[in-house]
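Only heavy atoms go into these numbers, but all of them, side chains included; no hydrogens, no water, no symmetry mates. Naming: A, B, ... by sequence-line order, numbering from 1 per chain.
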Amino acid sequence: MYALVDGNSFYASCETIFRPDLLGQPVVVLSNNDGCIVARNKEAKALGVPDLVPYFQVKSMLEQAQVHIFSSNYELYGDISRRMMDVLGAMVGDHEVYSIDEAFLRLLSSTREYKTFGKHLKDTVMQCIGMPVCVGIAPTKTLAKMANKAAKKIPGLQGVCAMDTAGKWQWVQKRFTTREVWGVGSQISDKLAAMGIHTAYDLAMSSPRQMRKHFSVVLERTIRELNGEPCLTLDQQPVPKKEIMCSRSFSHKIHDPVELQQAISQYAGRACEKMRQQERLTNLLWIFVESSRFSGPQYSNQLMVKLDSFTNDTCVITEAARLAVAELFRPGVPFHKCGIGLMELKERQPEQLHFFSPQQSEESRSLMASLDAVNRRYGRGTLGLASQGINPKWKMAREKMSPRYTTQWAELPKVRC
DNA sequence: TCTGGGGTCCTAGGACCC
DNA sequence: TCTGGGGTCCTAGGACCC
């Protein structure tokens with residue numbers, strides 16, 4: 001049996017852990033650049049605040065309803081997530097951290113009282129972390145996802161739903177659309193609807209072989225999983241990333257090639273930092289620039305850049321990225337976003353020697369190690385390349401960011417006596 | 001004025017090989 | 001005049017996830 005534990009409105013709940021004065025009040029969290037609403041607590045949902053809408057469209061409505069608004073604070077959310085996963089890992093050894101706010105757990109076959117155990121998980125996370133979660137329990141991952149959704153949706157379940165018999169999961173499936181099934185997106189659900197398949201139950205009753213012909217092996221697995229036949233396993237080891245991306249939209253449109261190069265320098269620096277953390281190297285970069293999709297002249301372009309050898313050196317990668325951006329720049333285009341992808345990542349070891357290409361030098365490695373050490377100790381961005389610019393005006397807007405309560409000494413919560 | 005960011009997997013079809 | 005068959009690898013693009 002699998003359990004799926006998932007934080008309720010995770011980002012919004014992270015914000016209220018250190019702000020008990022906000023309990024019972026509506027809270028929303030914005031995406032990067034204060035662009036869209038990405039999390040709403042239940043009070044905000046009750047006010048009818050929609051998910052994933054542009055902030056500017058609902059700004060006045062939110063202010064009128066006195067909703068508390070936060071810019072995203074990923075340093076805080078990442079740290080709360082790590083703590084939550086530690087608690088879950090201590091309770092159930094076999095577990096997979098699926099996303100920042102979710103984990104799959106494998107329950108021992110000796111666990112009989114699933115509902116009771118689910119309640120225990122929920123209460124423990126609340127007690128240790130202050131994070132409200134829901135728990136779904138079922139024999140497959142797809143069903144556990146559905147049970148978790150049911151736990152959130154059906155008030156009588158009080159946040160815990162165990163579907164350990166076909167009777168129970170079919171009861172739930174009849175109340176869910178195909179779109180609510182994990183792995184079925186809007187495209188596939190539309191096509192299913194045209195075939196007369198509307199509920200999750202309809203989908204579960206369809207023929208896996210036939211559906212594989214119409215769609216793909218992915219949907220076949222989903223159907224089998226909906227019938228209690230496990231096709232997906234627990235990934236306990238984090239799978240090494242195949243690519244690392246860093247892209248952001250700007251707070252103001254960029255018309256100047258130097259500013260665009262500053263931006264790509266910053267993102268390249270961040271991407272390289274992530275790559276070194278994961279002990280990987282790259283020799284292929286993907287760089288793109290684009291104007292806004294919503295207004296003005298449309299322009300987007302991209303370049304793949306092959307490097308002479310595998311490296312994790314921020315200087316080398318930044319230089320290549322800046323040259324690429326210079327090539328992609330067009331006068332008169334109001335640039336809105338750019339980004340870099342580090343592709344074809346490979347492990348640092350074993351070193352594959354290339355007869356003609358120089359290897360990354362020892363100086364380069366120790367320079368990068370020092371760069372990372374300084375930034376780890378004094379905060380990200382303390383040390384960087386001059387090409388990144390200083391306090392650029394296009395920098396991401398984060399007007400309403402809360403303190404990083406758990407990771408910065410200067411921002412610890414203050415208690416008044 | 002203001003519309004997020006970072007990933008994975010699968011398939012179809014082309015290029016190429018013998 | 002007649003112009004095979006089977007296989008692998010790679011890439012672009014679609015669809016999905018949080």
Side-chain angles (χ1 to χ4, degrees), chain A residues 4-11 28-39 50-63 69-74 77-78 81 96-104 141-142 145 148-149 178-192 211-222 231-232 235 238-253 267 270-271 274-275 278 284 286 288 290-296 298 302 304 334 336-345 393-394 396-400:
Chain A
L4 179 70
V5 181
D6 175 322
N8 299 348
S9 320
F10 187 75
Y11 296 169
V28 302
V29 178
L30 306 177
S31 65
N32 274 335
N33 224 8
D34 294 347
C36 297
I37 310 271
V38 289
D51 198 15
L52 294 175
V53 291
Y55 172 45
F56 76 91
Q57 286 179 3
V58 289
K59 191 171 177 181
S60 59
M61 183 271 248
L62 296 180
E63 278 164 9
I69 301 161
F70 291 93
S71 301
S72 46
N73 182 347
Y74 286 105
Y77 312 151
S81 168
E96 170 189 345
V97 176
Y98 178 67
S99 73
I100 194 164
D101 70 330
E102 285 171 73
F104 285 103
K141 284 173 132 184
T142 304
K145 276 288 236 182
N148 184 283
K149 246 182 203 181
T178 57
R179 182 66 187 84
E180 292 172 286
V181 175
W182 187 43
V184 178
S186 58
Q187 308 282 320
I188 290 176
S189 74
D190 287 352
K191 286 181 193 159
L192 288 171
M211 297 309 265
R212 178 180 186 149
K213 277 187 201 147
H214 276 100
F215 297 89
S216 76
V217 66
V218 183
L219 192 65
E220 178 187 6
R221 282 189 206 129
T222 298
C231 301
L232 306 172
D235 292 326
V239 187
K241 296 261 183 286
K242 293 172 182 165
E243 51 192 64
I244 289 173
M245 307 278 305
C246 184
S247 68
R248 300 269 186 287
S249 35
F250 315 127
S251 56
H252 301 281
K253 301 280 179 279
Y267 306 163
R270 177 68 189 124
K274 287 195 219 171
M275 177 168 62
Q278 298 178 23
L284 186 64
W286 177 64
F288 73 91
E290 59 190 39
S291 62
S292 171
R293 284 172 295 155
F294 300 98
S295 61
Q298 303 281 308
Q302 50 183 303
M304 299 288 281
H336 167 77
K337 183 177 181 178
C338 73
I340 178 170
L342 311 177
M343 322 298 283
E344 297 190 347
L345 299 179
K393 60 174 184 282
W394 45 265
M396 179 165 87
R398 292 166 113 182
E399 284 181 5
K400 299 166 180 295

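Residues satisfying the side chain to side chain donor-acceptor pair (under 3.5 Å) criterion with A/Asp6, sequence neighbours excluded, are A/Lys152. Contacts of A/Glu243 classified as side-chain contact (heavy atoms from CB on, under 4.5 Å), with partners at least two apart in sequence or in another chain: A/Met245, A/Met343. For A/Lys242, there are no side-chain contact (heavy atoms from CB on, under 4.5 Å) partners at least two apart in sequence or on another chain. Under the rule for a side-chain contact (heavy atoms from CB on, under 4.5 Å), the partners of A/Gln57 that lie at least two apart in sequence or sit in another chain are A/Pro54. Scanning for side-chain contact (heavy atoms from CB on, under 4.5 Å) contacts around A/Val58 gives A/Ile37, A/Pro50, A/Val53, A/Leu62, with sequence neighbours left out.
If you check every strand for non-hydrogen atoms under 4.0 Å, A/Asp34 touches nothing. Residue contacts for A/Val239: at a heavy-atom cut-off of 4.0 Å it reaches no nucleic acid atom on any strand shown. Across all strands shown, A/Arg212 has no heavy atoms under 4.0 Å from either base or sugar-phosphate atoms. Counting non-hydrogen atoms under 4.0 angstrom, A/Ile100 reaches nothing in the nucleic acid. Note on A/Asn32: only backbone sugar-phosphate atoms sit closer than 4.0 angstrom, heavy atoms only; bases stay farther off. Residue A/Ser186 is in sugar-phosphate contact alone, with no base atom involved, counting any heavy-atom pair closer than 4.0 Å across all strands shown. Among the protein residues, A/Ile188 comes within range of the sugar-phosphate backbone only, with heavy atoms under 4.0 Å from sugar or phosphate atoms but none that close to a base. Nucleic acid contact for A/Val181: sugar-phosphate only, since backbone atoms but no base atoms lie under 4.0 Å from a heavy atom of the residue. Within the nucleic acid shown, A/Lys59 has no heavy atom closer than 4.0 Å to any nucleic acid atom. Here A/Tyr55 lies out of heavy-atom contact (under 4.0 Å) with every strand.
Residue pairs meeting the salt bridge (Lys or Arg N to Asp or Glu O under 4.0 Å) criterion with at least one partner in residues 178-191 of chain A, sequence neighbours excluded, are A/Lys153-A/Glu180.
With rounding to the nearest 0.5 angstrom, the CD atom of A/Glu102 is 3.5 Å from the NZ atom of A/Lys145.
Counting heavy-atom neighbours within 6.0 Å of A/Glu399 CD, excluding the residue itself, gives a total of 12 or less.
Nearest-nucleotide positions on DNA chain B place A/Lys253 closer to the 5' end than the other of A/Lys253 and A/Met396. In terms of position on DNA chain B, the residue among A/Ser251 and A/Val217 whose nearest nucleotide sits closer to the 5' end is A/Ser251.
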* Paired and unpaired positions of DNA chain C as dot-bracket, Watson-Crick or G-U wobble under 3.5 Å, | denoting a partner strand -> ....||||||||||||||
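Taking every nucleotide of DNA chain C with any atom under 4.0 Å from a non-hydrogen atom of chain A, the first and last of them, 5' to 3', are C/dA15 to C/dC18.
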Using residues 212-220 of chain A as the side-chain source, report each donor-acceptor pair under 3.5 Å to any protein atom, sequence neighbours left out, with the distance given to one decimal.
residue  : atom : partner  : partner atom : Å
A/Arg212 : NH1  : A/Glu220 : OE1          : 2.8
A/His214 : ND1  : A/Gln210 : O            : 3.3
A/Ser216 : OG   : A/Val218 : N            : 3.1
A/Glu220 : OE2  : A/Arg224 : NE           : 3.2
A/Glu220 : OE2  : A/Arg224 : NH2          : 2.9

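Nucleotides B/dT3 and C/dC18 have their P atoms positioned 25 Å apart, rounded to a whole Å.
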